[in-house]
There are 4 protein chains.
Amino acid sequence: MARKVDPEKHEEKRLELLEAAHRCFLREGLRGASTATICKEAGISPGHLYHYFSSKEVIVEAMAEDYLRRLHGYFADQPEDADTSALLLSEIWTMQGWSDVEHCRILFELLAEAGRNPRIRAILQENTRHVRAILSQTLKAGQAKGEVDPALDPEQVAAMLIAVVDAAPMLPLMVDGLDFAASRDMLTLMVRRFLAPPAKE
Amino acid sequence: MARKVDPEKHEEKRLELLEAAHRCFLREGLRGASTATICKEAGISPGHLYHYFSSKEVIVEAMAEDYLRRLHGYFADQPEDADTSALLLSEIWTMQGWSDVEHCRILFELLAEAGRNPRIRAILQENTRHVRAILSQTLKAGQAKGEVDPALDPEQVAAMLIAVVDAAPMLPLMVDGLDFAASRDMLTLMVRRFLAPPAKE
Amino acid sequence: MARKVDPEKHEEKRLELLEAAHRCFLREGLRGASTATICKEAGISPGHLYHYFSSKEVIVEAMAEDYLRRLHGYFADQPEDADTSALLLSEIWTMQGWSDVEHCRILFELLAEAGRNPRIRAILQENTRHVRAILSQTLKAGQAKGEVDPALDPEQVAAMLIAVVDAAPMLPLMVDGLDFAASRDMLTLMVRRFLAPPAKE
Amino acid sequence: MARKVDPEKHEEKRLELLEAAHRCFLREGLRGASTATICKEAGISPGHLYHYFSSKEVIVEAMAEDYLRRLHGYFADQPEDADTSALLLSEIWTMQGWSDVEHCRILFELLAEAGRNPRIRAILQENTRHVRAILSQTLKAGQAKGEVDPALDPEQVAAMLIAVVDAAPMLPLMVDGLDFAASRDMLTLMVRRFLAPPAKE
DNA sequence: TATGAATGAGGGTTCATTCAT
DNA sequence: GATGAATGAACCCTCATTCAT
């Protein structure tokens with residue numbers, strides 16, 4: 001009689017709901033999207049949402065964690081022999097066009113929220129910490145290989161690179177009809193020139 | 001007895017209200033800040049706001065326009081003899097610390113909103129168009145002076161620089177305790193190396 | 001220094017305002033029309049309205065009185081030799097088409113309001129009393145001339161005729177494209193047959 | 001366990017709400033009655049109204065439809081052998097006194113509204129179309145039986161009779177202390193004389 | 001006389017959340 | 001697990017009215 005809750009199925013549904021939430025938040029904003037909308041998007045009843053999340057706040061936080069985790073998955077497991085700059089920008093090089101960048105716009109929602117919500121800021125910083133560790137590792141390897149100016153502080157450069165990469169979704173919003181490939185190439189050029197060891201005299 | 005309509009006072013009050021709105025939006029978000037809160041911040045009664053703005057939407061739009069106009073005022077009227085990179089980053093060089101960057105966080109609200117609100121996107125793009133014109137002018141002058149790689153397309157570089165500069169407010173949110181001066185110097189270094197004409201062999 | 005208020009001009013402006021109010025009330029309803037709207041229609045400032053009327057309620061009441069007075073002016077001063085039925089329906093016979101009936105729709109507003117507002121009901125009844133007196137006079141004259149069935153109670157018939165006449169503005173609302181002249185003729189026929197003394201056998 | 005959606009209960013509650021709304025609208029007017037008042041009258045919370053109706057406008061429209069449908073129910077299913085005039089006025093003959101006529105005052109609200117709101121006018125006209133069909137049927141039968149002047153156009157007479165019947169609720173508003181039975185009898189006499197075939201000479 | 005800035009109560013509506021089923 | 005009825009606080013906005021000028 002006592003039907004055990006299948007924890008796997010529960011977790012699976014949870015992730016499904018977070019993705020639905022992500023779509024709604026993109027479409028209508030963190031505040032603008034109602035729990036009712038999210039439920040409709042996910043195909044469940046309004047009350048049932050609370051079997052998975054105790055409040056809307058929790059949904060936002062879980063969505064942020066889930067999204068950021070997935071996003072920085074791109075930085076891990078890169079081919080050993082790749083060019084350092086390309087490695088550092090792998091998140092962008094995995095995308096094919098502005099439409100791939102689209103869902104990253106949620107970052108602006110999170111950044112805006114992080115400015116006033118300590119829990120979201122903590123989530124953002126925790127995630128950034130991970131990514132910085134990975135990037136600074138890559139930078140150090142680059143320095144060892146002589147591809148990166150040894151005078152640069154890897155920790156600080158890593159932080160700046162994250163900001164620069166996360167700025168990419170601004171471009172299609174600010175300028176209509178921008179060429180994706182050209183923008184990506186220019187960004188890569190900028191990073192390469194920045195990191196390159198100064199020419200010896 | 002002198003019955004002036006006094007449209008100057010009206011305009012003055014309008015700007016005052018927009019600044020109050022800006023503070024509220026920073027504190028609670030574009031949706032989170034209620035018209036009542038804005039009125040309290042500005043010291044007027046809830047109904048009176050609608051003497052100056054026909055809806056909350058209009059307040060957001062006017063605030064965006066007003067804020068962006070003020071922000072890109074920094075790019076105009078720069079000393080003729082300054083270094084090109086510093087000129088291009090003048091917006092950041094006018095700031096003294098992260099606390100000065102604080103109010104720029106409103107950009108994330110606007111970027112998030114621009115993703116789903118065509119009117120806000122139009123305002124953002126119109127403003128960007130202005131700034132791009134100024135920056136590309138500076139870049140062309142730099143190319144003429146031999147300070148900027150002539151192979152770079154000024155238009156495209158300008159767009160990217162705006163994104164990079166606007167990414168700055170991300171840093172204190174993502175990493176706690178970052179040094180402002182060091183970050184600014186590193187950003188300047190990156191831009192300088194990017195723009196510099198390749199060394200001749 | 002003490003400029004005397006010209007009472008005539010004051011009264012004139014008052015009537016002008018009442019007509020503006022009538023137009024607004026027709027367009028938007030007694031509650032739907034705001035004092036601001038009325039002021040705009042009349043071309044005065046919102047505060048100035050209160051020099052003429054102490055409240056919106058008073059405007060409605062004054063408008064009702066003014067309108068009803070004007071409306072039943074049609075019943076007075078009719079040619080002595082006219083047919084009794086035509087005399088009784090003179091209000092309708094002065095109109096040329098449904099567009100002339102249009103402004104009578106305000107009656108429905110007043111009837112609705114009279115159902116719950118004793119002051120409006122009193123105004124309506126006072127006006128009806130006048131009209132009834134006139135109509136019952138006409139009826140008695142008709143009975144004397146042998147044109148009206150002497151068995152009918154003039155007082156009661158008068159009341160019913162007012163209701164029937166006031167029902168006319170319903171027709172264009174209820175049925176689209178009704179012919180005005182035909183409707184008027186039919187109404188006249190009904191009243192004539194009703195009033196006619198029964199044929200002697 | 002049996003999870004019925006139970007649309008019947010939903011519909012039942014809807015009708016209950018419409019009746020509560022009707023009472024409120026009578027008491028305070030279409031605009032004057034607030035959704036909060038309606039909710040209180042119906043014994044539900046302010047927000048819950050919107051489970052059943054998407055806006056106050058919809059409530060007014062649904063109430064109008066519901067009310068008019070119920071009202072003209074009186075015209076259907078009349079005894080075959082009844083007098084034609086009584087049949088045509090059956091709506092009034094089902095009522096026992098002015099207090100029964102009371103709730104018909106909502107018609108004035110609707111007529112006022114119909115003058116400026118096309119949706120309400122459409123509802124009114126659709127309802128009138130039904131009633132006219134029924135009445136003109138009755139009239140034709142009356143003509144066949146020789147009880148109704150064959151020279152009269154049934155369609156046009158039907159429209160006028162509706163207006164005359166709907167004018168009845170004006171009487172108690174316009175004249176205090178009117179006798180219900182006497183008024184009803186006089187109205188019936190008027191209709192009978194109107195419809196009667198002219199006496200042959 | 002005349003203006004329009006200013007008030008604050010209240011209107012329609014939304015929404016996160018709870019709970020009986 | 002799953003539903004959707006139900007709540008009540010809060011939101012944006014309107015409006016009759018007042019008052020300094």
Side-chain angles (χ1 to χ4, degrees), chain A residues 3-6 9-10 13 31-39 43-59, chain B residues 1-7 9-10 13 31-39 42-59, chain C residues 3-6 9-10 13 31-39 43-59, chain D residues 1-7 9-10 13 31-39 42-59:
Chain A
R3 237 179 319 107
K4 264 314 233 340
V5 180
D6 184 341
K9 249 191 157 177
H10 187 88
K13 190 77 184 174
R31 301 286 283 237
S34 69
T35 53
T37 305
I38 295 172
C39 289
I44 65 169
S45 69
H48 197 39
L49 189 64
Y50 287 80
H51 270 283
Y52 296 96
F53 305 97
S54 58
S55 74
K56 191 186 170 185
E57 241 191 306
V58 165
I59 298 177
Chain B
M1 193 124 292
R3 219 161 311 105
K4 294 181 187 173
V5 183
D6 211 342
K9 245 189 162 176
H10 187 90
K13 188 85 184 170
R31 303 288 280 242
S34 70
T35 53
T37 305
I38 296 173
C39 288
I44 64 170
S45 70
H48 195 37
L49 190 61
Y50 291 81
H51 255 325
Y52 297 94
F53 304 97
S54 57
S55 72
K56 191 187 169 183
E57 242 191 306
V58 165
I59 298 176
Chain C
R3 237 179 318 109
K4 264 311 233 339
V5 180
D6 184 342
K9 250 191 157 176
H10 187 87
K13 189 77 184 175
R31 300 288 283 235
S34 69
T35 52
T37 305
I38 295 172
C39 289
I44 65 169
S45 69
H48 197 38
L49 189 63
Y50 288 79
H51 270 281
Y52 297 95
F53 305 97
S54 58
S55 73
K56 191 185 170 185
E57 242 191 307
V58 166
I59 297 176
Chain D
M1 194 123 294
R3 218 159 315 104
K4 294 181 187 172
V5 183
D6 212 341
K9 245 190 161 176
H10 187 91
K13 189 82 185 172
R31 301 288 281 239
S34 69
T35 53
T37 305
I38 296 173
C39 289
I44 65 170
S45 70
H48 194 38
L49 190 61
Y50 290 81
H51 255 325
Y52 296 95
F53 304 97
S54 57
S55 72
K56 191 187 170 185
E57 241 191 309
V58 166
I59 297 177

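Values in this document were obtained by computation on a predicted structure and should not be read as measured data. All chains are named by letter (A, B, ...) in the order of the sequence lines, taking the proteins before the strands, and each is independently numbered beginning at 1.
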(Q) If the cut-off is 4.0 Å, is Y52(B) near the phosphate of dA5(E), judged by side-chain N/O to OP1 or OP2? (A) no

Q) Should dT21(F) form a Watson-Crick or G-U wobble pair with both distances under 3.5 Å, which nucleotide is its partner? A) dA2(E)

Q) Are OP1 or OP2 of dG1(F) and a side-chain N or O of H10(A) less than 4.0 angstrom apart? A) yes

Q. In Å and rounded to the nearest 0.5 Å, what is the CG to CD1 distance from L49(A) to I38(A)?
A. 6.5 Å

Q: State, to 0.1 Å, how close H51(B) and H10(B) come at their nearest heavy-atom pair, and which atoms those are.
A: O-CE1, 3.7 Å

Q) Given that both distances must come in under 3.5 Å, which nucleotide forms a Watson-Crick or G-U wobble pair with dA16(F)? A) dT7(E)

Q: Supply the atom-to-atom distance H48(C) NE2 to F53(C) CZ, rounded to the nearest 0.5 angstrom.
A: 11.0 Å

Q) Which whole-number value in Å describes the distance from H51(B) NE2 to dA5(E) C1'? A) 5 Å

Q) How close or far is atom C1' of dG4(F) from atom CD1 of I44(A), stated in whole angstroms? A) 12 Å

Q | Length of the line joining I38(A):CD1 and dC15(E):C1', which is rounded to integer Å | A | 12 Å

Q: Quick one: closest heavy-atom pair of S45(B) and C39(B), and the distance?
A: O-SG, 3.6 Å

Q.
Rounded to whole Å, please give me the gap between CG in L49(C) and C1' in dT1(E).
A. 14 Å

Q.
Looking at every non-hydrogen atom in both residues, tell me the closest pair between Y50(D) and K56(D) and how far apart they are.
A. OH-N, 4.5 Å

**Q.** Residue pair R31(D) / R31(C): nearest heavy atoms and the distance that separates them
**A.** CB-CB, 3.5 Å

Q.
Generate the contact string for nucleotides 12-17 of chain F. Rules: B means base contact, S means sugar-phosphate contact only, - means no protein heavy atom under 4.0 Å.
A. SBBSBB

